[in-house]
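Inspection log for the structure reproduced underneath, given as structure tokens.
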Protein chains: 2
Amino acid sequence: MFEQGSGDENRGASMASIADVAVAAGVSRQTVSNVFNAPHRVRKETRVRVEAAIEALGYQPNRAAQALRAQASRVIGIRIESIQADSLTTVHDRFLHALAEAVQAIDHHLLVFAADDPDDEIGTYSRLHRTGAVDAFVLYGIDEGDARPAQMLRLGAPFATFGRTGHDVDHLWVDVDDESGGAAVAQHLVARGHRRIGYIGFPEGSSVGERRVTGLRGVLDKHGLLGESAGLDLRGQDEVANGARLAAVLLDRPDPPTAVVAASDTLAVGVAQAARTRGLVIGRDLALVGFDDTPTAGVFDLSSVRQPIEAVARCIVRALLPGLPAGRSQVPACAEQSTPQPPHGRLLAPTLVVRASSAATTQGRASSTATTQGRASSTATTQGRASSAATTQGIKG
Amino acid sequence: MFEQGSGDENRGASMASIADVAVAAGVSRQTVSNVFNAPHRVRKETRVRVEAAIEALGYQPNRAAQALRAQASRVIGIRIESIQADSLTTVHDRFLHALAEAVQAIDHHLLVFAADDPDDEIGTYSRLHRTGAVDAFVLYGIDEGDARPAQMLRLGAPFATFGRTGHDVDHLWVDVDDESGGAAVAQHLVARGHRRIGYIGFPEGSSVGERRVTGLRGVLDKHGLLGESAGLDLRGQDEVANGARLAAVLLDRPDPPTAVVAASDTLAVGVAQAARTRGLVIGRDLALVGFDDTPTAGVFDLSSVRQPIEAVARCIVRALLPGLPAGRSQVPACAEQSTPQPPHGRLLAPTLVVRASSAATTQGRASSTATTQGRASSTATTQGRASSAATTQGIKG
DNA sequence: GGCCTCAATTTGATCGTTCAAATTGATACC
DNA sequence: GGTATCAATTTGAACGATCAAATTGAGGCC
């Protein structure tokens, strides 16, 4: 089996080339080319004739020939991560899909590759760059202290990152404003009457986790609740089991919090497990909010801070644009509005999606359980801080 | 911000070409080419000199030039699906990663694209094929009655599918032997002492779902248990809520099953929810087995039938190989062993991963709950049927 | 020496496209 | 009439690699 088989029907029959179209339309190659790339140079009558020939032959310009001539492949590269066994958080696949759409909008293709480790990853970037297979790269999941951006600058390969390293390396980056997300959660919970709010986050060193709790604390401080929530801040790897373990610590205290914020939906699911084994009903006895708004959050009716992944993908493509071959397609919009932005970077505000797990107030509590409660959910942007001047400062288009 | 910025450092500085290497080594272009493609034609002394020049200049053959000359891009294309809000089952991302690795093994690249609907998808295949951007395609999630394979044959674009349509269209396909998976689950449960086994599957029309239940029933029949499990077979869309709803029907019967098999981990999670609200402990009061062995299954300690996704990806690449440019890399192994295989296709056996949700027997029942139980899990291949003649009939290598 | 053989290497042509420069043809202006 | 102007179109060259054919040089043989 699998001997030759189908698949090479028209190998050798070759696709129509620009020369074939030229002959069919009775013009030269260049005129056909102009119909695509500089229509104003072609007389209307001629253009119609050429377009008819293009249609008839089903002609499409050969990508390899264009790439060779233009010294640009119109391909964006990104590493595809392997799924993590213990995490339910899948922002990566949503980002890949969003990025595929974003690069298509500027007539580019998306090339994905697997890498075993950061060294293999950098090696692959280098190879893809030197072979001309890829024009620019997108690096996912960059956090403080990551060595890859500096290595990329050394390679000389154009790139942009989702996430930022800090202030030392200046490269193009786009990131979610996690601080604003944390603040939105705090505002939401405080408005619902919670005063003792627990936090279960990523280990020290994750600046994403730190920013989330910083935003949270900022609002609590503003309401004079920082003291009441003192000592309710625990950390662990992003796994369900850790969420459960750490939540147990919080819930078994003599003065347990009435609300818990988890740095991810994965951790939040663990919190829900721990609460359940203690007979607590999420949404009634304990408010719970996660981050990322993965399918998991929807399924378990958990409130969650939704990342603007699609906007991130568009902004990254937009950031790369100046280094790419002249975009013939219209420049796509990136994000609606924006607060003042740092150089080289772009911060996008996430959105809190409120579901049954945190919808009730501490006074009049919800009567039904979280899992059977209705699906009605409200959303609220975290960008209350956006000044009226924001639109004039943001990216045009 | 985002004005020019970094990213075009060496635009115009141009990478080293084969001519540069030739000059540096004091030979002609063709000799450099031969060092790569026909080393036996080059004198050892010359080869060493050329290799030194290659190393010094960091030369890598230009992909676009090779593609133009060879009329083959060495790129495989696949559609990236958007994540489904209500499903926790993510086989797709695992497959993408596996496919990326598999195509890299034969020195190809993986191009992913997003499509709005099947028409858009086919249109994109056509465009990618006609522009020469992609040599061959992989179609994911093909099931009985799917029109896409027939359309692809009409396009004349080489392709292989994960999943099969039936017997009418002959194209290259690779699929998981779901019947064997269902049978393995049944054997496992029967061996644990279960006699009334419920099934919650996909709606009619999903041949994947049908095959799973067919395998299940086959074993039950063999043990004379088909009558006892009659009427315990329910169907619904692949969502957690449906799993819970359908499980409620089974569990609220006067004679509830002692074990439930769900056609996916997503449905299984729903079953677990329904059981919990009724005070039943999964693994003690009710055995539960899902399909796909997604991270979800691991997190909730659910037994699940693991798909051999990595092997599927390798087999698909292997199936496409004859239609691709001569593979210079050694042909990668596809799968270890195989039962007699149908023409054009390849069936791979899944593996049952037994976890706490179904490890106990109906006699001596586990004492702790499923979620806190240890993580020790055993695996058993479903390929007990493999004859000794299998290796001689399977794909070599 | 002349000639054949064979290995090692070079030259020319080509893949399909597009830039730059050259050509054509029509109109206008002195 | 001669010629400058301009739009429309064509021709030549180049991007970087590799196939096919030609060339070079060394060795063997009569």
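All chains are named by letter (A, B, ...) in the order of the sequence lines, taking the proteins before the strands, and each is independently numbered beginning at 1.
Qualifying side chain to side chain contact (heavy atoms under 4.5 Å, CB included) partners for A/A65, counting only residues two or more places apart in sequence or in other chains: A/N62, B/L68. Applying the side chain to side chain contact (heavy atoms under 4.5 Å, CB included) test to A/D116 and every residue at least two apart in sequence or in another chain returns A/D120, B/E101. In this view, A/Y140 and A/H92, A/F95, A/F162 satisfy the ring pair (Phe, Tyr, Trp, His ring centres under 6.0 Å) rule, not counting sequence neighbours. Remark: A/R63 pairs with no residue by the side chain to side chain donor-acceptor pair (under 3.5 Å) rule, at least two apart or across chains. For the side chain to side chain donor-acceptor pair (under 3.5 Å) test, no residue two or more places apart in sequence or in another chain qualifies with B/Q151. When the side chain to side chain contact (heavy atoms under 4.5 Å, CB included) test is applied to A/L111, the partners found at least two apart in sequence or on another chain are A/V75, A/F113, A/L128, A/V134, B/H109. Remark: B/Q30 engages B/N34 in a side chain to side chain donor-acceptor pair (under 3.5 Å) (not counting sequence neighbours). The side chain to side chain donor-acceptor pair (under 3.5 Å) test applied to A/T46 returns no partner, not counting sequence neighbours. For A/S82, the side chain to side chain contact (heavy atoms under 4.5 Å, CB included) partners at least two apart in sequence or on another chain are B/H97.
Nearest-nucleotide mapping onto DNA chain C: of B/L68 and B/V42, the residue sitting toward the 5' end is B/V42. Judged by closest nucleotide on DNA chain C, B/H40 is the one of A/I18 and B/H40 placed further toward the 5' end.
Distances shorter than 4.0 Å separate some side-chain N or O of A/S33 from OP1 or OP2 on C/dT18. OP1 or OP2 of C/dT9 lies within a sub-4.0 Å distance of a side-chain N or O belonging to B/T46. Taking only side-chain nitrogens and oxygens, B/R43 comes nearer than 4.0 Å to OP1 or OP2 of C/dT9. At D/dA8, none of the side-chain N or O atoms of A/N34 fall inside 4.0 Å of OP1 or OP2 (strictly under the cut-off).
We find that NZ of B/K44 is positioned 14 Å from P of C/dT9, with the value rounded to whole Å. Atom CZ of A/R49 and atom C1' of D/dT9 are 11 Å apart (whole Å). Nucleotide C/dC15 holds its P atom 16 Å from the CE atom of A/M15, rounded to whole Å. The separation between B/E45 atom CD and C/dA8 atom P is 12 Å, rounded to whole Å. Distance CZ (A/F36) to P (C/dC19): 14 Å, rounded to an integer number of Å. In this structure, CD of B/Q71 is placed 8 Å from C1' of C/dG16, rounded to the nearest angstrom.
The listed nucleotides are D/dA13, C/dT10, D/dT18; the one nearest the side chain of B/R29 is D/dT18.
Of the charged side-chain nitrogens involved, at least one lies within less than 4.0 Å of a carboxylate oxygen, so that B/R47 and B/E51 count as a salt-bridged pair. A salt bridge is absent between B/R346 and B/D175: the closest approach of a Lys/Arg side-chain nitrogen to an acidic carboxylate oxygen does not fall below 4.0 angstrom.
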Under-3.5 Å N/O pairs linking protein and nucleotides 20-25 of chain C:
none

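Residues of residues 54-66 of chain A that place a heavy atom closer than 4.0 Å to DNA chain D do not occur.
One distance of note links CZ of A/F159 with CD1 of A/I142; it measures 8.0 Å at 0.5 Å rounding.
Not a single donor-acceptor pair, N or O on each side, falls under 3.5 Å between the base of C/dT17 and the side chain of A/R69.
Relative to the axis of its first five pairs, the axis of the last five pairs of the helix from C/dG1-D/dC30 to C/dC30-D/dG1 sits at 80°, rounded to 10 degrees.
Heavy atoms of B/S17 sit under 4.0 angstrom from primed sugar atoms or phosphate atoms, though from no base atom.
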